[in-house]
Amino acid sequence: MKATLVIKNIDNLITLKGENKARTKEKLRDIGIINNGIIALNGEKIIYVGEGNLPPHIVVDEDTIVLSGVGKTVTPGLIDSHTHLVHGGSRENELAMKLKGVSYLDILAAGGGIHSTVKATKEASFDELYLKAKKSLDIMLSYGVTTVEAKSGYGIDDFSTEIKQLEVAKKLDEDHPIDIVSTFMAAHAIPSKYKNNPDEFVDIIIEDMIPKVAEKKLAKFCDVFCEEGVFSIEQSRRILLAAKEHGMGLKLHADEIKPLGGAELAAELNCITADHLIAASDKGIKEMAAKGVIANLLPGTSFNLQTGKFARARKIIEEGVAIAISTDYNPGSCPTENLLLIMSFASLIMKLTPEEVITAVTINGAAALGLEEKVGSLEVEKQADIVIFDAPNLEYIIYHFGINHVDKVIKKGKIVYEKNI
Ligand code: IZC
Ligand code: ZN
């Protein structure tokens, strides 16, 4: 078979070879490294992964692009499985309040926070939202990210804005090298109009919005911000059960700030992920392990909220829960697209090993989006989404933090980003 692209003499080829499912416990550290590795692609697919030279049945001719992997570390394309990508405006005005100690939930309760982004997103045109999100995707791609989840949630009761966000994400999925997976999240804040009767808004989400989003096939998943002063456990349960009936996968912003029992609810409903989990209880973590719910950990948000509290990642792993790691890119609680920085936070602050971190942003990130059969590891037949790092080993990428070590990004077999130095 003809190879269209080959990377040879790769110092550290990190394959993540193994079962196409979220990895737990010691399997989180089994990342399938090949020294002096070689990988061959044909079109969008991987056709060979091994050590040394290619076997005779893989044909290299004058049309084959051949790249050197000397001094390089190669990984699967990184997956950012929790972002609020499409939004208008930004919230740097909150910095002064944060520095004075005003909390995220206090800013929200005072009508700021998410509500100010709702206003900016309503006012922005489709094209403005598209160009802003595209700029973020270009940054993400430069950091080695090849698949991104994007939530709506800045229209809340204004359904046309929710749809506008999802349609922007859909168009970007078509136009941009990065694959985008959409999540419907009108349940992101209680609109001021429904402050005194939030259940009425919950009814609207269930009866009007979810059926229409499902019919238009605009979202693979549904998510709820289950938090004190936002959506209660009971309201979150009702919304997610309705989404399930309409064929959507379930996600939950669980126990981010207050310990409401979000982890327990995610387990009860068989959510694909429970995200944040900073205040998750021991019981909730155990129940997630029993049900195979993936913990999506977002240390950049803890850093930005300045509470000093991070998810208990080591405990979560010990209990047998699979972990993913994401940026949570959003204009309020984590305004960065830089997944590499978040990976360093996951290691340096949450005490994850580099092996656990890379697994969390590749095969486990893929599983967090239901894409584990297609991406997340470098194996024959998988989609050729690959990052070449200008780094001698994985530890170096995590340890030498805040720097972009990406040399090239390959998406569906094509070089889509190259560092220009
Ligand atoms: O805009 O504040 N946590 N939702 C829940 C967010 C953060 C995004 C935001
Ligand atoms: Zn979020």
Side-chain angles (χ1 to χ4, degrees), residues 80-95 97-98 102-122 124 129 132-133 136 148-156 161-162 165 169 181-191 219 221-231 236 239 250-258 260 262 266 271-280 294-307 309-311 324-337 339 342 365 368-369:
D80 193 344
S81 58
H82 181 140
T83 87
H84 303 254
L85 173 74
V86 181
H87 59 264
S90 67
R91 310 222 294 264
E92 63 273 19
N93 64 307
E94 289 175 10
L95 178 59
M97 286 185 264
K98 277 184 180 159
V102 184
S103 77
Y104 176 88
L105 288 180
D106 287 342
I107 296 172
L108 179 65
I114 293 172
H115 296 294
S116 66
T117 303
V118 167
K119 185 168 180 291
T121 308
K122 269 187 201 174
L129 291 179
K132 181 172 161 61
S136 289
V148 165
E149 184 255 14
K151 301 176 196 296
S152 70
Y154 294 119
I156 49 176
T161 300
E162 287 287 318
Q165 281 186 276
V181 178
S182 282
T183 297
F184 174 59
M185 196 180 174
H188 193 195
I190 306 290
F221 298 106
C222 182
D223 196 343
V224 178
F225 189 13
C226 179
E227 184 57 72
E228 194 174 279
V230 195
F231 292 88
S236 303
I239 293 166
L250 309 184
K251 290 178 169 282
L252 188 66
H253 279 62
D255 303 319
E256 175 180 352
I257 299 164
K258 298 285 162 66
L260 291 195
C271 287
I272 187 162
T273 63
D275 301 46
H276 289 292
L277 300 169
I278 294 157
I294 298 169
N296 204 348
L297 306 179
L298 315 163
T301 308
S302 292
F303 171 79
N304 190 268
L305 290 178
Q306 300 186 318
T307 56
K309 292 183 193 147
F310 287 76
I325 294 167
S326 306
T327 57
D328 191 18
Y329 170 59
N330 75 74
S333 64
C334 199
T336 184
E337 294 93 340
L339 185 59
I342 303 305
L369 299 179

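We count ligands from 1, going down the list as the structure has it; atoms in each ligand are counted the same way.
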#### Entry: salt bridge (charged side-chain N to carboxylate O under 4.0 Å, His left out) against K122, all qualifying residues, sequence neighbours excluded
none

### Query
Does an N or O from H84, backbone or side chain, lie closer than 3.5 Å to an N or O of ligand 1?
no

### Task
Can you sort out the partners of E149 under salt bridge (charged side-chain N to carboxylate O under 4.0 Å, His left out), two or more places apart, ordered by chain and number?
K151

### Task
Scan side-chain atoms only and decide if H82 and H253 contain a donor-acceptor pair under the 3.5 Å cut-off.
yes

### Query
Near S333, which atoms of ligand 1 are under 4.0 Å from a heavy atom of that residue?
3 (N), 7 (C)

### Message
K119: which residues meet the salt bridge (charged side-chain N to carboxylate O under 4.0 Å, His left out) condition with it, sequence neighbours left out?
### Response
E123

### Task
Could you check atom 4 (N) of ligand 1 against the protein and tell me its nearest heavy-atom contact, residue, atom and distance included?
H188 NE2, 2.7 Å

#### Entry: Between T301 and D328: side-chain donor-acceptor atoms closer than 3.5 Å
yes

### Message
Using a 4.0 Å heavy-atom cut-off, which part of H87 comes near ligand 1: side chain, backbone, both, or neither?
### Response
neither

### Query
With a 4.0 Å cut-off on heavy atoms, does I114 reach ligand 1?
yes

### Query
Do V148 and Y329 touch side chain to side chain, with heavy atoms closer than 4.5 Å?
no

### Query
Judged by non-hydrogen atoms, does H276 sit under 4.0 Å from ligand 1?
no

### Message
Heavy-atom pairs closer than 4.0 Å: do any link ligand 1 to the side chain of E227, the backbone, both, or neither?
### Response
neither

#### Entry: Test applied, side chain to side chain contact (heavy atoms under 4.5 Å, CB included); reference residue, I156; option that passes from T161, V118, I190
V118

#### Entry: Atoms of ligand 1 close to R91 [distance to a heavy atom under 4.0 angstrom, numbered from 1]
1 (O), 2 (O), 9 (C)

### Task
Distance to 0.1 Å, residue and atom name: give those for the protein heavy atom nearest to atom 3 (N) of ligand 1.
Y104 OH, 3.2 Å

### Query
Does the side chain of S326 come under 3.5 Å of the side chain of S81 through a donor N or O and an acceptor N or O?
yes

#### Entry: Y154 N/O to ligand 1 N/O under 3.5 Å
yes

### Message
Is any side-chain heavy atom of E227 closer than 4.5 Å to one of L108?
### Response
no

### Message
Is there a side-chain contact between R91 and S116 in this structure, where contact means two heavy atoms from C-beta onward sitting under 4.5 Å apart?
### Response
yes

### Query
Taking the six-membered ring for Trp, are Y154 and H84 parallel (under 30°), tilted (30 to 60°) or perpendicular (over 60°)?
tilted

### Query
Which protein N, O or S atoms lie under 2.8 Å from the Zn ion (ligand 2), given by chain and residue number?
H82 NE2, H84 NE2, H253 NE2, D328 OD1

